[in-house]
Engineer: 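Pasting a structure below so you can have a look.
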Amino acid sequence: MSMNNSLPVAIIGAGPVGLAAAAHLKIRNQPFILFESGSSVASNILSWKHISVFSPWRYNIDKAARQLLNETHWQAPDDEGLPSGAELYNQYFKPLADLPEIKTRIHLESKVLAVGRKNMDKMKTWGREKVPYSIQVLHADKIEQYEAKAIIDASGTWSSPNPIGSGGSYAVGEIENSKQIFYGIPDILNHHTKLYKNKSVVVVGSGHSSINAILELDKLKEKYPSTEIHWVLRKKNVSDVYGGQEDDSLEARGALGIKIEQLINDDRVNVYTPFQIQQIINKEDKLTIIGLQDGNKFALPWIDEIISNTGSRPDFSFLREVRLSIDPSLESVAEIAELIDPNIHSCGTVRPHGEKELRHPDKDFYIVGSKSYGRAPTFLMATGYEQVRSIVAAIDGDMEAARNIELDLPETGVCSSDGGGAACCGVQLKPKEKTNASCCL
Ligand SMILES: Cc1cc2nc3c(=O)[nH]c(=O)nc-3n(C[C@H](O)[C@H](O)[C@H](O)COP(=O)(O)OP(=O)(O)OC[C@H]3O[C@@H](n4cnc5c(N)ncnc54)[C@H](O)[C@@H]3O)c2cc1C
């Protein structure tokens, strides 16, 4: 590297991938500093701590982190177990963040507000690579300034949920009625029961979070039979969300699809598809959702609460001074867009990639983790662990290790597609066979 090597690498965000980056940097003896806006590490995952993930422990623990934890009295969880968000935190993220060599480098309640080259705006090119990064951080009402030789942005997308409006913008009336909209994953069976019992609830979205919400609302309905469940999807057919079911190599993910199909067949959920939400009207706290169903004007009245699970999007606002290379449609890192584009395939698995594919025009700057996928929803923690392993190797000058990508991801068992590309997806390829295929990766 061309600049002062004693400067730290700055990591933004202490989610699973930011923490894994810290572990890799520690093992390679690279100085680092980690800024986390929340009051604890893994704060996004803690917001859905009651939910169980579908990938077993062996995919959820980064190798460098495991190596560091194995040097302590840490009890490794059972490789095949499926942890909840709370268990992920208690048994992995917290012990990792509490390691003395990591803990002292983490700054909690420290939100990164701006990143750029020191004293050099985005337009200046000459000598740019030799200038350190400068980072502005909001901590306890004060803005602090730090310098770094490289940046790893692992800030995720969870804090910028998509609106429910069909065009990607807010529906008319959405902002005004946001107190009746929960963006994220409420704890329906415990903490938030009061909000939903015996109410008319609409779930918007077609991913696993929506399916989870509907399954929990159905459990609530068993106890509180006046609870009404409505499900609004943009997809053409509800069967498109059933997934790989028995063919999914993550059994728990497949099981979600099986359960939801059962509920629909038993008529326990009112499904509206394809539905495009345009407007929300409020009369005495009862909402009417107005939109197009199958192209025709449609109104869904007498709604008390909306749960929105329409995905999330990256926040680039604090990267205004960084020269980025972002895909114009997915908002992912440009180079990996074709590997993950849901318009082409929905396989959920992705060709192994690392430092080379994650570069930006500004050298030594990387976006990793779920933010690297932009708006694409298929990110798995294991993908992020391999990204940061490769990037940290490159920062350490070990280009051979950086290039040598190894990623073993579970298959979804479904390679359906709305657009082209489906034809070649009928065959299940083993991860090792996939490097040259053009879809189903
Ligand atoms: C219900 C559910 C189930 C899931 N199941 C699985 C599963 O089975 N397997 C799997 O692999 N993945 C699963 N995922 C996905 C997985 O949780 C995410 O991919 C993962 O959390 C992404 O990690 P990340 O480190 O990139 O980002 P995040 O976990 O989002 O972490 C980002 C961190 O950055 C912080 N931050 C944000 N902005 C700033 C800022 N400006 N300054 C400082 N800090 C900031 C946030 O507070 C947060 O702590 C699931 C997700 C959900 C919602």
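Order of appearance sets the numbers: ligands from 1, and atoms from 1 within every ligand.
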Engineer: Does the ring centre of Tyr59 sit less than 6.0 Å away from the ring centre of Tyr385?
Structural biologist: no

Engineer: Does the protein place any heavy atom closer than 4.0 Å to atom 36 (N) of ligand 1?
Structural biologist: yes

Engineer: Describe, in one word, how the ring planes of Phe379 and Tyr373 are oriented to each other, choosing from parallel (under 30°), tilted (30 to 60°) and perpendicular (over 60°).
Structural biologist: perpendicular

Engineer: Do any N or O atoms from the side chain of Trp231 and from the backbone of Gly205 form a donor-acceptor pair under 3.5 angstrom?
Structural biologist: yes

Engineer: Does any N or O of ligand 1 fall below 3.5 Å from an N or O anywhere on Phe54, backbone included?
Structural biologist: yes

Engineer: When you compare ligand 1 with Trp158, is there at least one nitrogen or oxygen pair between them that comes in under 3.5 angstrom?
Structural biologist: no

Engineer: Within the 4.0 Å heavy-atom shell around Ile185, which atoms of ligand 1 are there?
Structural biologist: 1 (C), 53 (C)

Engineer: Work out whether the distance between some heavy atom of Gly85 and some atom of ligand 1 is less than 4.0 Å.
Structural biologist: no

Engineer: Heavy-atom count around Asn265 CG within 6.0 Å, excluding the residue itself: above 12?
Structural biologist: yes

Engineer: Say whether Gly384 and ligand 1 are in contact under the criterion: heavy-atom distance to a ligand atom below 4.0 Å.
Structural biologist: no

Engineer: With distance as the sole test, does Lys199 use its side chain to make a donor-acceptor pair with the main-chain N or O of Asp304 at under 3.5 Å?
Structural biologist: no

Engineer: Quick check: Thr157 and ligand 1, any N/O pair under 3.5 Å apart?
Structural biologist: no

Engineer: Taking only heavy atoms of Asn44 into account, list the atoms of ligand 1 that are under 4.0 Å away from them.
Structural biologist: 28 (P), 30 (O), 31 (O), 32 (C), 46 (C), 48 (C)

Engineer: Mind checking whether Tyr92 and Trp74 have parallel, tilted or perpendicular rings, split at 30° and 60°?
Structural biologist: tilted

Engineer: For atom 19 (O) of ligand 1, which protein heavy atom lies nearest, and how many Å away is it?
Structural biologist: Phe379 CD2, 3.1 Å

Engineer: Just let me know how Ile12 lines up against ligand 1, side chain, backbone, both or neither, with a heavy-atom cut-off below 4.0 Å.
Structural biologist: side chain

Engineer: Would you compute the distance between atom OG of Ser155 and atom CD1 of Ile11 and round it to the nearest 0.5 angstrom?
Structural biologist: 12.5 Å

Engineer: Give me the residue, atom name and distance of the protein heavy atom closest to atom 38 (N) of ligand 1.
Structural biologist: Ser155 CB, 3.5 Å

Engineer: Give the minimum heavy-atom separation between Val388 and Ile152, together with the two atoms involved.
Structural biologist: CG1-CG2, 4.4 Å

Engineer: Enumerate the atoms of ligand 1 whose separation from the nearest heavy atom of Ala154 is less than 4.0 angstrom.
Structural biologist: 32 (C), 33 (C), 34 (O)

Engineer: Students should be able to answer this: which protein heavy-atom is nearest to atom 53 (C) of ligand 1, and at what distance?
Structural biologist: Trp48 NE1, 3.4 Å

Engineer: Which of these, Lys122, Arg323, Arg128, Lys124, sits in a salt bridge (charged side-chain N to carboxylate O under 4.0 Å, His left out) with Asp362?
Structural biologist: Arg128

Engineer: Is ligand 1 under 4.0 Å from a heavy atom in the side chain of Leu113, in the backbone, in both, or in neither?
Structural biologist: neither

Engineer: Any N or O of Val17 that comes nearer than 3.5 Å to an N or O of ligand 1?
Structural biologist: yes

Engineer: Got the closest protein heavy atom to atom 9 (N) of ligand 1, with its distance?
Structural biologist: Ser55 OG, 2.7 Å

Engineer: Below 4.0 angstrom from a heavy atom of Lys111, which ligand 1 atoms are there? Numbered from 1 as shown, please.
Structural biologist: 41 (N), 42 (N)

Engineer: Out of Glu36, His107, Met381, Gln387, who is nearest to atom 46 (C) of ligand 1 when you count heavy atoms only?
Structural biologist: Glu36

Engineer: So which of Gly13, Gly15, Pro16, Gly369 gets nearest to atom 23 (O) of ligand 1, if we judge by its closest heavy atom?
Structural biologist: Pro16

Engineer: Out of Ser370, Ser312, Ser37, indicate the one that has the non-hydrogen atom closest to atom 26 (O) of ligand 1.
Structural biologist: Ser370

Engineer: Do any nitrogen or oxygen atoms of Ser209 come within less than 3.5 Å of a nitrogen or oxygen of ligand 1?
Structural biologist: no

Engineer: Under 3.5 Å, N or O to N or O, is Val112 touching ligand 1 that way?
Structural biologist: yes

Engineer: Quick check, are the ring centers of Phe35 and His139 under 6.0 angstrom apart?
Structural biologist: no

Engineer: Hey, would you say the His360 and Tyr366 ring centroids sit under 6.0 Å apart?
Structural biologist: no

Engineer: Using the ring of each side chain (for Trp, its six-membered ring), is Tyr133 parallel, tilted or perpendicular to Phe365, with breaks at 30° and 60°?
Structural biologist: tilted

Engineer: Show the nearest heavy-atom pair for residues Arg66 and Arg58, with the distance to one decimal.
Structural biologist: NH2-CA, 4.3 Å

Engineer: Walk me through it: do Ile289 and Val232 pass the test side chain to side chain contact (heavy atoms under 4.5 Å, CB included)?
Structural biologist: CA-CA 10 Å; Ile289 300 177; Val232 164; 5.7 Å; no

Engineer: Provide the number and element of each atom of ligand 1 under 4.0 Å from a heavy atom of Leu380.
Structural biologist: 9 (N), 10 (C), 11 (O)

Engineer: Taking heavy atoms and a distance under 4.0 Å, where does Ser43 meet ligand 1: side chain, backbone, both or neither?
Structural biologist: both

